[in-house]
Amino acid sequence: MIRIYLDWNIISKLKTHEFADIKRFFAENSTKISIPFSPAHFEDISKSDSPNNTKLLEDIITMDTLCQSNHMAYDKELDIAAPYIATPSQYYTEYKSNNVSIETVTNPAYLSSMLAEIDHPIIVSMINHFLDIPINSPKWDMSTTNPVCDIFAKLQDVSTVRELICEVMSIIHRVTTDKETYKTLRGAIDPKLLNQIQGPSSCILPALDQILMQVGSPMGFMDMVKSMQQKQDNGNKMSLFTTAYILLDMLYRPDKLRKKGNNATNVIIDAMHAYYGAFCDYFVTDDKRLADKAGVLFYEFKINTPIIASNELISTLSPLVWNYQDSIESIIVDIIESTRIENRDEEYGIYDNDTDTSWIVSLDKYYFNFFNYANVCIGKNEQEGKMAIHLYRRFKGLSHYVFYSEVEQLLDSLSRILGEIPEAQKEAIKHCHKDASFIWSSTDKSVSILIREDEDYKGRPELIFIINMPKLL
């Protein structure tokens, strides 16, 4: 299945008349396109959640239909956005009972509430002793009228660790929840300088580095990001990406935050959407500023996931969707035509030796709505007349895994065309067990599906055709 990630501004509009064609397209291709949801969608939901919000419940029902049980969330141990099994409704129920909002966490009162929940007097006493240690508050020249300095002014009045932590939390809370405070902080660098930054994604960070140098920064953009992020969490990749996005929003194409209730949490949520979108074949958003910033970071982090708008969605995906054909022979002929040597991927060239000639092709559609690359091998000498076509899945972005539902749909397609797969092999392949395989064979061809645990294929299903060309054609 072709995996696409929808920004919340797409999902929330699917109930409107303007998006009827897209909603119909998804319904018609529900077995060919997978649409995972992430925690970022529910951070968006939490900003508009209320008991009487019927439109929100309609959105969640829409998500149940679209996303089914394809859920992705950050896995700290694996340091990736990993696949999980849960429907949006199931997640929403759990989220409502357990979620602590960004606004709550950054509120200074949260520290007191956390301490109140610790049922251990000695530990609470130790923490309170630490928090009450006297400190010398930071001092700096406040004679300037720079409004950015006003944000940090009260730090000069703190006298204990507790007051310092509470004031820092208060600053974070104001920056996070009050859009005007956030905009003030964003204005620390002259907007006239930043407005000069234009051009393709590849040019943006070098231009920012030049401006940071002009204003006296000892570090370039990515050095600043890594310095900030490593102090937080020892370098996890999601934090690196989202920190880069949040800092980029302060310097390039800042979010206008025009709607009532918008604040810096919108920027944080957009950063999360861009991160999760990088684990899909396409990231779809109508937020042009989000798309521009995500494009800059996708270029920087070598993420090749295309970013498209809703008005490009149907025209982009329709040619990639594979429609089932009647016979395996017609499918093989179609694949042979698509993988001709003149269609080879120039990045890899042609490999020629005494026994065969081979090349790699980036396919013009997702065959069986799964495979998008092929390695073609034509035999020589005693192998003359033999052809091997190895179909495999390559992700453009950060993903190297597949959802169970994606493999299930692949196996259903193959079973319809080639014949049933015994249940034991089907389960092993569906769960991507190492060395799981099944072979269909006849006098002119054999087709095998298998799982290999190696660096190139990372446990994803592969399909290999061994064809006797004279008998088939």
Side-chain angles (χ1 to χ4, degrees), residues 1-8 10-11 14 26-27 29-46 56-57 59-99 236-238 269 272-273 275-284 305 366 368-371 393 395 397-415 421 423-434 436 449 451 453 457-462:
M1 300 173 80
I2 306 168
R3 189 187 305 167
I4 68 172
Y5 185 90
L6 303 180
D7 186 14
W8 180 248
I10 306 296
I11 292 176
L14 288 174
F26 287 148
N29 294 284
S30 60
T31 61
K32 303 168 185 177
I33 294 172
S34 69
I35 305 173
F37 72 96
S38 77
H41 291 113
F42 286 86
E43 291 294 337
D44 269 317
I45 285 172
S46 71
L56 177 59
L57 296 176
D59 288 334
I60 294 173
I61 291 169
T62 299
M63 288 177 69
D64 277 340
T65 303
L66 282 178
C67 307
Q68 300 178 47
S69 59
N70 295 329
H71 172 44
M72 60 165 66
Y74 178 71
D75 184 305
K76 192 168 185 179
E77 185 176 336
L78 298 174
D79 198 14
I80 61 167
Y84 292 91
I85 299 175
T87 66
S89 290
Q90 290 169 339
Y91 186 89
Y92 181 56
T93 302
E94 186 74 15
Y95 179 88
K96 284 188 72 174
S97 59
N98 295 321
N99 179 60
N236 84 58
K237 292 174 185 174
M238 181 180 184
I269 294 166
M272 294 169 65
H273 280 307
Y275 172 77
Y276 286 114
F279 285 80
C280 298
D281 296 308
Y282 289 87
F283 175 35
V284 188
T305 298
Y366 284 69
F368 301 95
N369 293 304
F370 188 87
F371 302 107
R393 177 66 170 266
F395 286 100
L398 298 177
S399 180
H400 60 72
Y401 57 77
V402 287
F403 285 93
Y404 291 146
S405 60
E406 293 171 344
V407 183
E408 279 181 322
Q409 290 296 339
L410 169 64
L411 295 177
D412 286 346
S413 300
L414 293 173
S415 296
I421 305 171
E423 197 60 33
Q425 281 99 321
K426 184 182 285 189
E427 284 298 307
I429 295 167
K430 186 176 78 171
H431 291 87
C432 295
H433 291 170
K434 182 181 178 183
I449 183 168
I451 304 287
E453 283 287 351
Y457 307 111
K458 297 183 185 293
R460 295 190 290 269
E462 309 160 51

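Sequential numbering from 1 along the given sequence is applied to the chain's residues. The shown structure was predicted, so the numbers you read here are calculated from the model rather than taken from an experiment.
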Distance (rounded to the nearest 0.5 Å) between [X] [atom1] and [Y] [atom2]:
X    : Y    : atom1 : atom2 : answer
I421 : L411 : CD1   : CG    : 4.5 Å
I10  : L66  : CD1   : CG    : 11.5 Å
N236 : I80  : CG    : CD1   : 12.5 Å
M72  : F279 : CE    : CZ    : 7.5 Å
F370 : E406 : CZ    : CD    : 6.5 Å
E408 : E427 : CD    : CD    : 8.0 Å

How close do [X] and [Y] get, heavy atom to heavy atom, and via which atoms?
X    : Y    : value
C67  : P36  : SG-C, 4.2 Å
E462 : F371 : CA-CE2, 3.9 Å
R3   : Y401 : NH2-O, 2.9 Å
Q90  : A86  : OE1-CA, 3.5 Å
I35  : I33  : CG1-CG2, 4.0 Å
A40  : I269 : O-CG2, 3.6 Å

TODO: Just jot down the salt bridge (Lys or Arg N to Asp or Glu O under 4.0 Å) partners of K32, sequence neighbours excluded, or say none.
DONE: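 With sequence neighbours excluded, K32 shows a salt bridge (Lys or Arg N to Asp or Glu O under 4.0 Å) to no residue whatsoever.
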
Task: Qualifying residues under salt bridge (Lys or Arg N to Asp or Glu O under 4.0 Å), relative to D281, sequence neighbours excluded - done: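 R393.
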
Task: Centroid separation Y92 to H41 less than 6.0 Å - done: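 Y92 vs H41: aromatic centres not under 6.0 Å.
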
Open item on the list: Counting the benzene-type ring for Trp, do H273 and F283 have ring centres under 6.0 Å apart?
Closed with: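 When the ring centroids of H273 and F283 are compared, they turn out to be at least 6.0 Å apart.
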
With side chains defined as the heavy atoms from C-beta onward, is the minimum distance between [X] and [Y] less than 4.5 Å?
X    : Y    : value
N369 : N29  : no
F42  : M63  : yes
Y74  : D79  : yes
L410 : V402 : no
Q68  : S405 : no
M238 : M272 : yes
I45  : D59  : no

TODO: Evaluate the side chain to side chain contact (heavy atoms under 4.5 Å, CB included) criterion for residues M1 and F403: first the C-alpha distance (whole Å), next the side-chain angles of each, then the deciding distance (0.1 Å), finally the verdict.
DONE: CA-CA 9 Å; M1 300 173 80; F403 285 93; over 6 Å; no

Task: Name of the residue among Y282, F37, F26 meeting side-chain contact (heavy atoms from CB on, under 4.5 Å) with L6 - done: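 Passing option: F26.
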
Open item on the list: Ignoring hydrogens and geometry beyond distance, is a side-chain donor-acceptor pair present between N70 and S34 at under 3.5 Å?
Closed with: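 Looking only at side-chain atoms, S34 and N70 do not form any donor-acceptor pair under 3.5 Å.
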
Open item on the list: Could you tell me if Y275 and S38 have a donor-acceptor pair between their side chains, going purely by distance under 3.5 Å?
Closed with: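 Judged by distance alone, the side chains do not pair up.
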
- [ ] May I have the step-by-step check of side chain to side chain contact (heavy atoms under 4.5 Å, CB included) for C280 and I4, ending in yes or no?
- [x] CA-CA 5 Å; C280 298; I4 68 172; 5.7 Å; no

TODO: Please state whether the rings of Y5 and Y276 are parallel, tilted or perpendicular, taking 30° and 60° as the class boundaries.
DONE: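 Ring orientation of Y5 relative to Y276: parallel.
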
TODO: Quick one: list whatever passes side-chain hydrogen bond (donor to acceptor under 3.5 Å, both in side chains) with S89, sequence neighbours left out.
DONE: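 In terms of side-chain hydrogen bond (donor to acceptor under 3.5 Å, both in side chains), with neighbours along the sequence ignored, S89 is linked to D64.
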
